[in-house]
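In what follows, a single structure is set out as structure tokens and then discussed.
Throughout, residue positions are numbered sequentially from 1 according to the sequence presented.
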Amino acid sequence: MISIVNVYKTYPYDQAALIDVSLEVDKGDFAYIIGLNGAGKTTLLKLIFCAERPTKGEIFVDGMNIAELKKSKIPFLRRKIGVIFQDYKLLNNRTVFENVALALEIVGEKKKSIQKKVWGVLQLVGLHSKSNSYPITLSGGEQQRTAIARAMVKNPLILLADEPTGNLDPDATRDILKLLNKINLRGTTVFFATHNPKLVPKDHKKVFILDDGRMVSP
């Protein structure tokens, strides 16, 4: 599902964010990538959904080489990928329902279809009773569940999670991890980036570690 082959990412002034990184994430995996702040986790996720381009190397998503994907094709790639962030990135002047619906409005979905899909995904994340609430009235865990609903409403093949529990208390963190596991069991490939190895279940088989831009053995 995701194949990264000898990827380098260098920023101006020779700042190396990723150095010869290779990894494989198969369809249906729940994969973790662990590393301290600045290790390159966010950069790696950005390369997967084409927010940035690699300096060198190849990246395949669902069989498509995206390292040199034309700009006109990037929106089609992103329909296959949902992304959630540590800081939620919700619009405070829109309700929970409106925040989630926006992801479908942007791609021209019909109103009737939007209603059905948004209600369905709000049921999935347990926020149907909060559909008319604004983000400022929600807890951190509820805001993150709204962000997950927005990422999942297009039924993506892949869900990228960039430190999604970084701002949450332990109880909310457990709830989000349970939700992501539930989503994974429905068939979505989950790629979860975190600085906290304690979040990874013991003996979990799909774990990658980044250290100063380099992949190291678990």
Side-chain angles (χ1 to χ4, degrees), residues 1-2 25 27-31 42 45-46 48-51 61-62 64 72-169 171-194:
M1 183 58 67
I2 302 171
V25 177
K27 184 178 181 180
D29 277 346
F30 193 128
T42 295
L45 296 187
K46 285 181 176 180
I48 293 171
F49 66 94
C50 280
V61 174
D62 195 29
M64 177 171 51
S72 61
K73 300 294 184 182
I74 290 176
F76 297 98
L77 168 73
R78 290 180 178 167
R79 291 179 188 180
K80 300 181 179 184
I81 301 173
V83 186
I84 54 176
F85 304 92
Q86 180 175 341
D87 58 352
Y88 322 131
K89 298 191 183 299
L90 301 175
L91 299 176
N92 288 324
N93 63 342
R94 290 176 178 258
T95 65
V96 166
F97 187 97
E98 291 167 343
N99 266 280
V100 177
L102 183 62
L104 297 175
E105 292 169 0
I106 288 172
V107 297
E109 193 93 11
K110 293 182 179 179
K111 186 175 180 179
K112 187 175 181 180
S113 176
I114 290 174
Q115 291 275 338
K116 181 178 179 180
K117 289 181 178 180
V118 173
W119 281 119
V121 78
L122 289 180
Q123 290 277 356
L124 171 67
V125 303
L127 283 179
H128 51 284
S129 65
K130 298 281 187 176
S131 63
N132 291 321
S133 299
Y134 287 87
I136 197 170
T137 69
L138 304 178
S139 68
E142 289 170 336
Q143 290 185 62
Q144 191 59 285
R145 280 191 277 154
T146 303
I148 293 171
R150 181 185 57 198
M152 289 301 299
V153 75
K154 293 185 290 183
N155 195 28
L157 298 175
I158 299 166
L159 180 62
L160 304 178
D162 189 8
E163 295 277 9
T165 60
N167 290 332
L168 304 181
D169 62 40
D171 288 340
T173 293
R174 282 191 290 271
D175 288 343
I176 294 301
L177 288 171
K178 286 179 182 178
L179 176 57
L180 293 179
N181 274 288
K182 180 180 178 181
I183 288 168
N184 177 242
L185 290 172
R186 290 161 56 101
T188 303
T189 302
V190 178
F191 198 18
F192 185 109
T194 180

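For the atom pair CZ of Phe191 and CE of Met1, the computed distance is 13.0 Å after rounding to the nearest 0.5 Å. One finds the OG1 atom of Thr173 at 9.5 Å from the CG atom of Asn167 (value rounded to the nearest 0.5 Å). Note that CZ of Arg145 is 11.5 Å distant from CG of Leu180, once rounded to the nearest 0.5 Å. Atom CG of residue Leu160 and atom NZ of residue Lys46 lie 12.5 Å apart, to the nearest 0.5 angstrom. Here the straight-line distance linking atom CG of Leu168 with atom CZ of Arg174 works out to 11.5 Å at 0.5 Å rounding.
The backbone N or O of Thr189 lies less than 3.5 Å from no partner atom in the side chain of Asn184, so there is not a single donor-acceptor pair. Without hydrogens or angle criteria, Arg150 side chain to Tyr88 main chain gives a donor-acceptor distance under 3.5 Å. Although no hydrogens or angles enter the test, the distance criterion places no donor-acceptor pair under 3.5 Å between the side chain of Asn92 and the main chain of Tyr134.
At least one side-chain heavy atom of Lys182 sits under 4.5 Å from a side-chain heavy atom of Leu124. Annotation: side chain of Leu127 is not in contact with side chain of Leu138 (no heavy-atom distance under 4.5 Å). A heavy-atom distance below 4.5 Å is found between the side chains of Ile148 and Ile183. Contact annotation: the side chain of Asp162 never approaches that of Gln86 to less than 4.5 Å [non-hydrogen atoms, C-beta and beyond]. Taking 4.5 Å as the limit, every side-chain heavy atom of Asn99 sits out of range of all side-chain heavy atoms of Leu102. Using a 4.5 Å cut-off on side-chain heavy atoms (C-beta onward), Leu157 and Val61 make no contact.
For CZ of Arg79, the number of neighbouring non-hydrogen atoms (other residues, nucleotides, ligands) closer than 6.0 Å is greater than 12. The number of heavy-atom neighbours closer than 6.0 Å to CG of Leu185, taken from other residues, nucleotides and ligands shown, is above 12.
Considering all non-hydrogen atoms of both residues, Leu122 and Ser131 come closest at CD1-CB, 4.0 Å. Contact between Pro164 and Ile84 at its shortest, heavy atoms only, is CB-CD1, 3.8 Å. Of all heavy-atom pairs between Leu91 and Pro135, the closest is O-CG, 3.6 Å. Scanning both residues, Ala103 and Lys154, for their nearest heavy atoms gives O-CD, 3.9 Å. Contact record, Ala101 with Ile114: CB-CG2, 3.7 Å, taken as the closest heavy-atom pair. The shortest heavy-atom contact between Pro156 and Gly82 is CB-N, 3.5 Å.
Under the 30°/60° scheme for interplanar angles, the aromatic rings of Phe49 and Phe85 are found to stand perpendicular.
Leu90 pairs with exactly one of Gln143, Glu98, Gln144 by the side chain to side chain contact (heavy atoms under 4.5 Å, CB included) rule, that one being Gln143.
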(request) Could you please spell out the steps behind the side chain to side chain contact (heavy atoms under 4.5 Å, CB included) verdict for Leu45 and Val83? (result) CA-CA 9 Å; Leu45 296 187; Val83 186; over 6 Å; no
